[in-house]
Amino acid sequence: MKENYDDTFLARWLNNELTDEERKAFESSEEFKKYQKIIAATDNIEQEPFDEESALRNIKSRTNKFSVKPKNSQTYWWYGAAAAVAIFVFAFLFFYQPTTLVKTAHGEMDEVALPDGSLVRLNANSSLEFNESKWSENRVVQLNGEAFFDVEKGVKFSVNTSAGRVTVLGTEFNVTQLNGYLRVACYEGRVLVESGKEKTELSEGMVVQVVNDKIQYTETEESSPAWTTNNSEFNNTPVKYVFITLENQYGVKVDYSDLKQEMTFTGRFPNDDLKIALQIISGSLGLEYKQDGDKIIFKSNK
Amino acid sequence: MLDNKKSVCEEKIFDSLFKKEARSLFSYLSYRFGDKEQANDAVQEAFVKLWEKCAEIPLEKAKGFLYTASTNLMTSVKRHEQVKLKYKEKAVKVDSGKSDVQSPEFLIIEKEYMDSLTQAINDLPERQRTAYLLNRVEKKTYKEIAEIMEVSTKAVEKLMHKALIKIKKILDEGVG
């Protein structure tokens with residue numbers, strides 16, 4: 001058996017990396033056919049089956065930590081980060097010192113540039129207020145309604161709502177009083193949410209929803225909230241808030257007194273076609289609706 | 001590359017790490033140590049450990065951790081067996097390697113040949129066998145194997161070359 005190859009020759013042959021001369025010489029050699037047969041026969045060997053799904057299920061059942069979000073994971077706020085956060089809050093009361101105020105009407109959206117270049121897109125029937133003169137040392141806005149934030153690097157940025165506070169690049173998010181519904185979705189960077197003793201760090205793609213003191217986690221694959229593309233999206237949301245959204249988008253009045261409070265809605269509807277929106281909501285919840293001018297009545301169709 | 005601000009503690013990241021690494025880790029362990037049930041257990045064990053220590057292990061270190069932890073588990077059980085290789089029986093079309101031949105040649109790979117081949121692969125030194133099977137069966141590139149085995153690409157090429165020489169030698173001796 002003559003082996004006048006270098007010590008990687010056969011490896012290079014397998015990768016088609018031989019020079020023409022090397023290849024021709026090798027192919028006319030006596031052992032070529034043998035190597036070829038070894039390789040061809042090896043191709044008949046099957047991959048070991050590995051059941052990924054059941055392995056992952058086993059792992060998760062053994063850790064049981066997956067329902068609890070990691071607390072205090074020693075992650076420092078990433079100070080250089082830009083963060084994009086959508087905050088959706090139904091506020092019933094709020095109190096503030098008037099400064100710069102931007103308001104949107106039913107069915108209207110607006111974009112607000114803050115003094116440092118951070119951008120805020122305001123959804124329908126919402127308001128945003130901030131103090132321009134103290135901005136550089138105190139980046140705080142007061143929000144009522146829903147907004148999507150794209151925050152520039154800098155000092156701590158806080159969004160105050162009647163239902164609590166969301167802090168980006170900072171340390172706190174306190175839900176001080178929960179007389180409504182709060183939803184925070186993080187699209188980029190990190191956000192800390194603190195509610196009572198619960199502490200949750202949201203990172204890209206995570207959503208937290210607080211309804212009547214109950215915290216729910218979901219995920220989003222989107223890079224911005226649905227309403228920025230003229231849709232409203234819900235995930236297991238009590239119908240009350242779905243109808244408030246409908247009212248805000250279309251300037252209608254919704255009567256849902258016939259429905260059970262616990263009913264929830266998952267899905268999305270367009271913000272620019274009332275008829276389709278009503279059909280989607282009624283169809284997926286098994287409801288009937290009647291429209292009388294700008295008044296809409298939902299009834300259970302049982 | 002991997003973003004180091006992402007934490008393995010996040011389920012989404014943990015899951016994608018699992019999807020990316022579990023299958024390769026499993027093949028590596030079963031080819032190197034030969035016992036696929038044990039390999040499966042070790043993969044799961046390593047991921048459980050990773051989750052428990054997720055706060056201390058940055059994402060870019062996670063892969064190394066998985067390989068080290070599972071390899072330690074496998075070596076601690078010390079029950080090295082033969083790699084049970086399954087194969088399909090079929091005729092294989094091969095390129096004759098001669099340009100003047102128009103029709104493709106068919107090589108009939110007999111069952112006896114497959115049995116001696118799988119035995120020869122089993123008889124390879126551990127590292128040669130691992131590299132050879134990862135490349136030929138799992139279709140990993142030399143570079144990917146180098147990362148898995150923590151050696152240079154050149155070292156993987158040498159292992160591949162040696163593995164082939166050795167397989168041929170074992171087969172020749174068996175026939176002779």
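Below, chains carry the letters A, B, ... as their sequence lines are ordered, and counting in each starts from 1.
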Pairs of donor and acceptor atoms involving the side chains of residues 143-156 of chain B, under 3.5 Å and at least two apart or interchain, shall be tabulated with distances.
{"residue": "B:Glu144", "atom": "OE1", "partner": "B:Thr141", "partner atom": "N", "Å": "2.8"}
{"residue": "B:Glu144", "atom": "OE1", "partner": "B:Thr141", "partner atom": "OG1", "Å": "3.4"}
{"residue": "B:Ser152", "atom": "OG", "partner": "B:Ala155", "partner atom": "N", "Å": "3.1"}

Practice problem: Heavy atoms only: give me the nearest A:Lys60-B:Asp15 pair and the separation to one decimal. | Solution: NZ-OD1, 2.8 Å
Quiz item: Considering only heavy atoms from C-beta outward, does the side chain of B:Met114 approach that of A:Ile45 to under 4.5 Å?
Solution: yes
Quiz item: Is a salt bridge present between A:Asp43 and B:Lys139, judged by a nitrogen-to-oxygen distance below 4.0 Å?
Solution: yes
Self-check item: Where B:Leu164 and A:Tyr35 come nearest, the two heavy atoms and their spacing
Solution: O-CE2, 3.5 Å
Practice problem: Under 4.5 Å, counting heavy-atom pairs only, tell me which of B:Met160, B:Lys19, B:Lys158, B:Glu45 racks up the most with chain A. | Solution: B:Lys158
Quiz item: With only heavy atoms counted, which part of B:Leu117 is less than 4.5 Å from chain A, the side chain, the backbone, both or neither?
Solution: side chain
Exercise. State the CZ-CG distance between B:Phe18 and A:Leu56, to the nearest 0.5 angstrom.
Key: 4.5 Å
Quiz item: What pair of heavy atoms forms the shortest contact from B:Phe26 to A:Glu48, and how long is it?
Solution: CE2-CB, 3.5 Å
Quiz item: Of the backbone (N, CA, C, O) and the side chain (C-beta and beyond), which part of B:Asn135 lies under 4.5 Å from a heavy atom of chain A, both, or neither?
Solution: side chain
Self-check item: Heavy-atom proximity to chain A below 4.5 Å, by part of B:Lys36
Solution: side chain
Quiz item: Around atom NZ of B:Lys63, are there more than 12 heavy atoms of other residues, nucleotides or ligands at under 6.0 Å?
Solution: yes
Practice problem: Go through B:Glu157, B:Glu138, B:Arg23 and name the one with the most non-hydrogen pairs under 4.5 angstrom from chain A. | Solution: B:Arg23
Exercise. Kindly say whether A:Ala11 contributes a backbone atom to a donor-acceptor pair with the side chain of B:Tyr142 at under 3.5 angstrom?
Key: yes
Self-check item: For A:Phe9 against B:His161, the heavy-atom pair lying closest together
Solution: N-ND1, 3.3 Å
Self-check item: Per-residue contact mode, A:Glu53 against chain B (heavy atom under 4.5 angstrom)
Solution: neither
Quiz item: What part of B:Leu159 lies closer than 4.5 angstrom to a heavy atom of chain A: side chain, backbone, both or neither?
Solution: neither
Quiz item: Heavy atoms, side chains only, cut-off 4.5 Å: are A:Asp51 and B:Asn40 in contact?
Solution: no
Quiz item: What part of B:Ser30 is in contact with chain A, defined as an atom under 4.5 angstrom from a non-hydrogen atom: side chain, backbone, both or neither?
Solution: side chain
Quiz item: Side-chain contact, heavy-atom cut-off 4.5 Å: B:Ile167 with A:Thr42?
Solution: no
Self-check item: Pairwise side-chain contact, A:Ile38 with B:Arg136, heavy-atom cut-off 4.5 Å (strictly under)
Solution: no
Quiz item: Is any side-chain heavy atom of B:Asp172 closer than 4.5 Å to a side-chain heavy atom of A:Lys34?
Solution: yes
